[in-house]
Trainee: 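I have a structure here, written as C-alpha cells, and I will follow up with some questions on it.
Per chain, numbering begins at 1; letters A, B, ... match sequence-line order.
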Amino acid sequence: EAQVTQNPRYLITVTGKKLTVTCSQNMNHEYMSWYRQDPGLGLRQIYYSMNVEVTDKGDVPEGYKVSRKEKRNFPLILESPSPNQTSLYFCASRQTGFHEQYFGPGTRLTVT
Amino acid sequence: DAKTTQPPSMDCAEGRAANLPCNHSTISGNEYVYWYRQIHSQGPQYIIHGLKNNETNEMASLIITEDRKSSTLILPHATLRDTAVYYCIVRVAIIQGAQKLVFGQGTRLTINP
C-alpha cells in the first residue's frame with residue numbers, strides 16, 4: 001500500500017531533550033516536506049526537500065533540522081525542544097510532475 | 001496565492017449530495033483550485049484539483065465557474081465517514097519549488113444520519 005509513515009505517533013518529552021521524528025514513504029517520491037499544525041494557525045511548512053541531499057527552509061524552520069540521505073526518509077530533528085514546539089506534525093511527499101501530496105498520519109508532540 | 005473564502009461549517013444528511021462552496025475572486029489565470037480534507041487530526045487527504053474545466057474522480061466532482069471566481073466541491077452521496085474539515089486552496093501548480101500548501105480555516109462538514 002502506498003503510504004507515508006511517521007514515528008512515533010505520540011511523544012511527550014521534556015525541554016532540551018533531543019528527539020527525532022521519522023518519516024518514510026514507499027512511493028519513490030522526490031519531494032518531501034514537514035508541516036506543523038496549531039489551533040488557529042493552520043498548517044505551516046517547516047522544511048522541505050526536493051530530492052536526496054537537497055533541503056530548504058519553509059516558513060517556520062527555527063528550532064528544527066532535517067536531513068535527506070535516502071530518497072524514502074526525511075527525519076525531523078529537534079536538537080533542544082521547547083514548549084512552543086508542542087504541536088501536531090505532518091510529513092508529506094509528492095511525485096515530480098503530479099499535483100497530489102500525500103500526508104502521513106501525524107505525530108502529536110508535547111514538550112513540557 | 002489567491003485568497004479563498006469558505007463557510008465555516010455545513011451540515012448534510014447522509015446519502016445526499018454535499019455541495020461545498022469556495023470563493024476565490026482574485027484567482028490568476030495560472031492558479032489551480034485544490035481541495036483537501038482532514039478527518040479529525042489525521043493527515044490531510046487530497047481530493048481533487050482543477051484549472052478551468054470541471055473535474056470528477058472517484059471521490060468527488062469539482063465545478064469551477066466560467067469566470068473562475070468560485071468553485072464547488074460535490075460529494076455525490078455523502079456518508080458519515082465524509083465528516084471532516086474541507087480545505088479549498090488556490091495557488092500556482094504545485095509541481096515546482098517549495099510546493100507548500102497553505103491551509104486556511106476550511107469548512108467543517110458534518111454528515112448527519
Trainee: Hey, which of B:Pro44, B:Gly104, B:Gly43 has the most heavy atom pairs under 4.5 Å with chain A?
Mentor: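 With the most close heavy-atom pairs to chain A, the winner is B:Pro44.
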Trainee: For the pair B:Tyr34 and A:His99, name the ring-plane relationship: parallel under 30°, tilted 30 to 60°, perpendicular over 60°.
Mentor: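 Geometry flag for A:His99 against B:Tyr34: tilted rings.
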Trainee: Select, from A:Pro105, A:Gly106, A:Gly42, the one with the greatest count of heavy-atom pairs under 4.5 Å involving chain B.
Mentor: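 That would be A:Pro105.
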Trainee: If the plane angle is over 60° it's perpendicular, under 30° parallel, otherwise tilted; pick one for A:Phe103 and A:Tyr35.
Mentor: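 Judged by the thresholds at 30° and 60°, the geometry between A:Phe103 and A:Tyr35 is tilted.
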Trainee: Is A:Gln37 in contact with chain B via its backbone, its side chain, both, or neither, using a 4.5 Å heavy-atom distance?
Mentor: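 It is the side chain, since no backbone atom gets that close.
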Trainee: For B:Lys52, what residues pass the side chain to side chain contact (heavy atoms under 4.5 Å, CB included) criterion, not counting sequence neighbours?
Mentor: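 B:Lys52: side chain to side chain contact (heavy atoms under 4.5 Å, CB included) contacts with B:Arg68.
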Trainee: So which part of A:Arg44 gets closer than 4.5 Å to some heavy atom of chain B, the side chain, the backbone, both or neither?
Mentor: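 Answer is neither: A:Arg44 stays 4.5 Å or more from chain B.
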Trainee: Could you measure the distance from the CD1 atom of B:Ile74 to the OG1 atom of B:Thr56? Nearest 0.5 Å is fine.
Mentor: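 B:Ile74 CD1 to B:Thr56 OG1: 8.0 Å, rounded to 0.5 Å.
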